Asker: 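Let me begin by handing over the structure; questions about it come next.
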2 protein chains.
Amino acid sequence: MSTWNDVPYLSKHGMTKKTATAQRREDSLSRERIIEASIELLDSDGESGLTFRALSERLATGPGAIYWHVANKGELLAAACDAIVARAIDVHLVEATPEVTIRTLALSMFDAIDTHPWVGSALTRALGQLPVVRILERIGQQVQILDVPVEEQWATTSAILNYIFGAGGQNADNVQSAQTRGIDRSQFLKIVSAAWKQLDPDEYPFARSIAEKLRGHDDRADFLKGIDLILAGIGSAR
Amino acid sequence: MSTWNDVPYLSKHGMTKKTATAQRREDSLSRERIIEASIELLDSDGESGLTFRALSERLATGPGAIYWHVANKGELLAAACDAIVARAIDVHLVEATPEVTIRTLALSMFDAIDTHPWVGSALTRALGQLPVVRILERIGQQVQILDVPVEEQWATTSAILNYIFGAGGQNADNVQSAQTRGIDRSQFLKIVSAAWKQLDPDEYPFARSIAEKLRGHDDRADFLKGIDLILAGIGSAR
DNA sequence: ACCTGAACACCGTTCAAGT
DNA sequence: ACCTGAACACCGTTCAAGT
């Protein structure tokens with residue numbers, strides 16, 4: 001009964017389709033406009049670019065006005081994140097195997113995080129958060145179709161989820177690191193690769209051995225490889 | 001040549017064994033003392049507890065003094081993170097199969113993140129960072145022993161890494177969420193579970209169906225299940 | 001009901017000045 | 001070489017006051 005309200009991050013915003021859609025004047029403030037402006041800010045200036053001051057300037061109001069629509073910065077970030085995730089997982093294939101659907105969903109999330117690196121960090125948040133539940137649901141349904149025993153459905157689904165979040169976060173950081181230093185991905189990988197080659201041969205033989213391979217690698221392909229490994233693991237149990 | 005210095009996060013601190021060990025007086029400031037105090041602060045007060053003011057108070061100095069030993073807050077957090085990781089992966093099994101070693105290493109990381117939740121978020125950083133390379137090296141060596149083809153060693157190793165980071169980060173958030181709200185893990189899961197049960201049956205059938213299972217689940221066991229899935233996937237390719 | 005913007009209590013970081 | 005601590009340029013958030 002009260003449990004629902006006890007979980008603030010599983011907030012009612014966007015949770016049901018029946019949320020009263022604001023029929024406000026185009027030029028007035030609204031939750032949607034604030035979130036949209038936040039996404040723009042986040043995309044152009046990174047996570048540190050989202051500031052109540054910068055946001056209110058962009059929206060031509062005072063910082064206080066935003067607080068009438070949004071509880072705090074955390075909720076703002078979560079909402080922006082959720083908007084991206086909702087779009088990313090809105091992929092529906094007909095007559096596709098669950099494996100293909102999982103691969104497609106995962107790749108779509110990977111791409112979303114790649115173009116919006118801040119989502120990668122924002123996503124690494126609580127289980128109760130709406131975006132996480134959204135993805136969990138989509139993947140979980142496919143896991144069910146794969147005939148994974150009921151007792152293993154949770155662990156299996158969260159394994160896939162965790163992998164997606166981990167890989168997405170890692171990739172997001174690579175993108176951000178490159179951006180911060182004003183270089184592109186291949187230049188960034190080149191630098192990391194060169195640094196690995198200079199590691200102590202006794203302590204870091206493996207890192208040195210793959211340093212060269214790191215340079216030209218295809219992130220999306222490697223990401224999919226991990227998904228396929230998990231999928232193969234699921235399959236081998238049957 | 002200059003590449004090394006171009007990668008600041010792969011800093012020389014702790015990278016080699018030859019780092020000049022400070023032979024300072026016990027009561028004076030040092031990088032080690034600062035990092036240790038940071039870890040204490042992080043453990044007791046969470047990520048937001050690490051403040052140059054709080055830290056300097058604990059160390060009985062001014063904020064400026066810390067900057068003589070540490071470049072900035074990011075480096076401080078990375079160093080604290082690295083100290084925990086270095087301890088966590090310092091596990092050496094004799095005559096163990098690579099599978100067992102990987103499981104043990106992964107579990108050790110999981111536990112480290114569980115007791116130091118802030119490590120979970122701090123770890124989701126660039127590929128060039130020392131802690132990431134440390135783990136990569138340990139896991140990668142085992143992947144080599146598993147006879148994974150050279151071209152697939154990188155993707156395989158990073159798949160395991162990404163899973164560990166993803167799961168660790170997720171778990172860290174659960175721990176932090178519970179802590180923030182002053183409840184323990186089982187109470188927290190109970191609340192999330194209850195919330196999931198109230199989701200729209202048409203949109204969230206899977207989340208609803210596993211809500212009950214979520215309550216009593218064993219995080220470590222589920223974490224290992226994911227590792228085993230990947231390991232099984234690796235094995236099935238041979 | 002919604003917005004304004006000054007004010008509060010913080011931050012990380014710098015730097016002249018000390019020893 | 002190492003430390004001090006005031007000062008700077010920011011933050012998120014609040015809240016009396018407006019419309």
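Computed from a predicted model, the values in this text were never measured in an experiment. We name chains A, B, ... by the order of the sequence lines, and we start the count at 1 in each one.
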Asker: Do B:Q141 and B:E137 have side chains that approach each other closer than 4.5 Å (heavy atoms only, starting at C-beta)?
Answerer: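 The answer is yes; the side chains approach within 4.5 Å.
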Asker: What do the steps show when you test B:D114 against B:R220 for salt bridge (charged side-chain N to carboxylate O under 4.0 Å, His left out), and what is the final call?
Answerer: CA-CA 10 Å; B:D114 192 61; B:R220 293 176 97 238; over 6 Å; no
Asker: Is a side-chain N or O of A:R134 found less than 3.5 angstrom from the main chain of A:V85, in a donor-acceptor match?
Answerer: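 No, A:R134 side chain to A:V85 backbone: no donor-acceptor pair under 3.5 Å.
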Asker: Pick the nucleotide of DNA chain D nearest each of A:T51 and B:T61; which residue has the one closer to the 5' end?
Answerer: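 Final value for this comparison: B:T61.
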Asker: Given atom NZ of A:K73 and atom C1' of C:dC11, what is their separation to the nearest angstrom?
Answerer: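 Value for this atom pair: 12 Å.
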Asker: How far, in whole Å, is D:dC2 from C:dA17 if one measures between their P atoms?
Answerer: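 Per the computed distance, 22 Å lies between those P atoms.
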Asker: When the ring planes of B:F52 and B:Y67 are compared, do they come out parallel, tilted or perpendicular, using 30° and 60° as the limits?
Answerer: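 Aromatic pair B:F52/B:Y67 classed parallel.
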Asker: Just call it for A:L50: base, sugar-phosphate, or nothing, with non-hydrogen atoms closer than 4.0 Å on any strand.
Answerer: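 Sugar-phosphate contact only.
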Asker: Whole-Å distance between D:dT4 P and B:L55 CG?
Answerer: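 Whole-Å distance recorded here is 13 Å.
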Asker: Taking the nucleotide of DNA chain C with the nearest heavy atom to each, does A:W68 or A:G64 sit closer to the 5' end?
Answerer: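 Closer to the 5' end of DNA chain C: A:W68.
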Asker: Measure the distance from CG on B:L77 to P on C:dG12 and round it to the nearest whole Å.
Answerer: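 Result: 11 Å.
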Asker: Quick one: B:R31 CZ to D:dA1 C1', roughly how many Å, whole number?
Answerer: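 About 17 Å, once rounded to whole Å.
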Asker: For A:I66 and D:dG12, what is the distance between atoms CD1 and P respectively, to the nearest whole Å?
Answerer: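 Atom-to-atom, A:I66 to D:dG12, this comes out as 10 Å.
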Asker: Which nucleotide, D:dC3, C:dG5, C:dT13, lies nearest any side-chain atom of B:P63?
Answerer: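 When the side chain of B:P63 is considered, C:dT13 is the closest of D:dC3, C:dG5, C:dT13.
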Asker: Whole angstrom is fine here: how far is it from CZ in B:F52 over to P in D:dC3?
Answerer: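 Going from CZ in B:F52 over to P in D:dC3 covers 15 Å.
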Asker: For C:dT13, what is the paired nucleotide under Watson-Crick or G-U wobble rules, both distances under 3.5 Å?
Answerer: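 Across any shown strand, C:dT13 pairs with D:dA7.
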Asker: Show the numbers, then the answer: is there a ring-ring contact (aromatic ring centres under 6.0 Å, His included) between B:F165 and A:F165?
Answerer: CA-CA 8 Å; B:F165 292 160; A:F165 292 160; over 10 Å; no
Asker: Please give, in whole Å, the distance from C:dT13 C1' to B:L76 CG?
Answerer: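 Answer to the nearest Å: 13 Å.
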Asker: Counting Watson-Crick and G-U wobble pairs only, both distances under 3.5 Å, name the nucleotide matched with C:dG18, or none.
Answerer: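 The answer is D:dC2, by the H-bond criterion.
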Asker: Tell me: CZ of B:R53 to C1' of D:dC10, nearest whole Å?
Answerer: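 So the two atoms are 11 Å apart, to the nearest Å.
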